[in-house]
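In what follows, residues are counted from 1 in the order of the sequence shown. Numbering of ligands and ligand atoms starts at 1, following listing order. FYI, side chains are in, hydrogens and waters are out, and symmetry mates aren't considered; it's all heavy atoms of this structure.
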Amino acid sequence: MHIHHTIAALRDGLAGARRIVLVPTMGNLHDGHIALMKQAREHGDTVVVTIFVNRLQFRPGEDFENYPRTLAADCERLAAARVDHLFAPDETEMYPAPQQYYVDPPTDLIGILEGEFRPGHFRGVATVVLKLFNIVLPQVALFGKKDYQQMLVLSNMVRDLAFPVEIVAADTVRAADGLALSSRNGYLTPGERAEAPRLHEALSRIVAAIRAGDSDFGALEQAAVAELRDHGWAPNYLSVRRKTDLQLPSAGEADLVVLAAALLGRTRLIDNLEV
Ligand code: PAF
């Protein structure tokens, strides 16, 4: 695996590369990321991974400073997964001057759910991802469905800005007990880790109820929120939404996704399930 820390070195390394598949990450790689790398190989010839903890998508008081940075261990996992190139820039390489140009996704999509609780987050994500696209010039890019709203923001961005990249949405990878894999799971205490699968269980029950014909989404959401609260969670949102734009569904709509974010102790977990 070739490791590059500068844009110039990466571009040199990619000169002449055929069908480039990009997997952008913030590092601290887990099995969910590695599944993405393996899937990436099926979509092209040259797999490029980026590791960059992007300050622009964190709000003051969030975990930017403490976000786990584990480059040496990540490199070993990437090499074992037969990734071709790793781009791991430092902050001055990505932001040599304060960033003044931003991608501004539409409020309809980023003012809700995650965006309501993390204002500015998707603006930061869209900006860094567009910048990574310009640096790597991939034909394909993979994003996990665990960050469902992020995946939609980015798919709509490439469509609206006619960026010539195909976005592939990869299924969420889960632990045996259902917990969606996430770098932030590492923040959980052993007791919280034992409790954490309840979020996925709550979403699964809602999906099962909707599939069985229950259309009282409000009641299903309230019951799930109450259950989480009873077990010490502080839910931010738990909501049945239309898959295509994450707005509230009209009666009879079938293309749905249930999304949730909740704090367990000091750790904020997000998850979703398509119906
Ligand atoms: O999902 C992530 O890890 C980040 O939001 C991304 C897409 C790498 C942008 O920093």
Connected via hydrophobic side-chain network under 4.5 Å: Leu36 and Leu71: yes

Check: Gln57 N/O within less than 3.5 Å of ligand 1 N/O: yes

Within-cut-off N or O pair, Gln150 and ligand 1, under 3.5 Å: yes

Numbered atoms of ligand 1 (with element) below 4.0 Å of Thr25, judged on heavy atoms: 8 (C)

Geometric class of the Phe163/Phe133 ring pair [parallel <30°, tilted 30-60°, perpendicular >60°]: tilted

Validation row, ring centre Phe52 to ring centre Tyr95 under 6.0 Å: yes

Top protein contact for atom 3 (O) of ligand 1, by heavy-atom distance: Met26 CG, 3.7 Å

Ligand-side contact atoms (ligand 1) for residue partner Val128, heavy atom cut-off under 4.0 Å: 9 (C), 10 (O)

More than 12 heavy atoms of other groups within 6.0 Å of Arg69 CZ: yes

Single-linkage hydrophobic cluster Val129~Val48, side-chain heavy atoms < 4.5 angstrom: yes

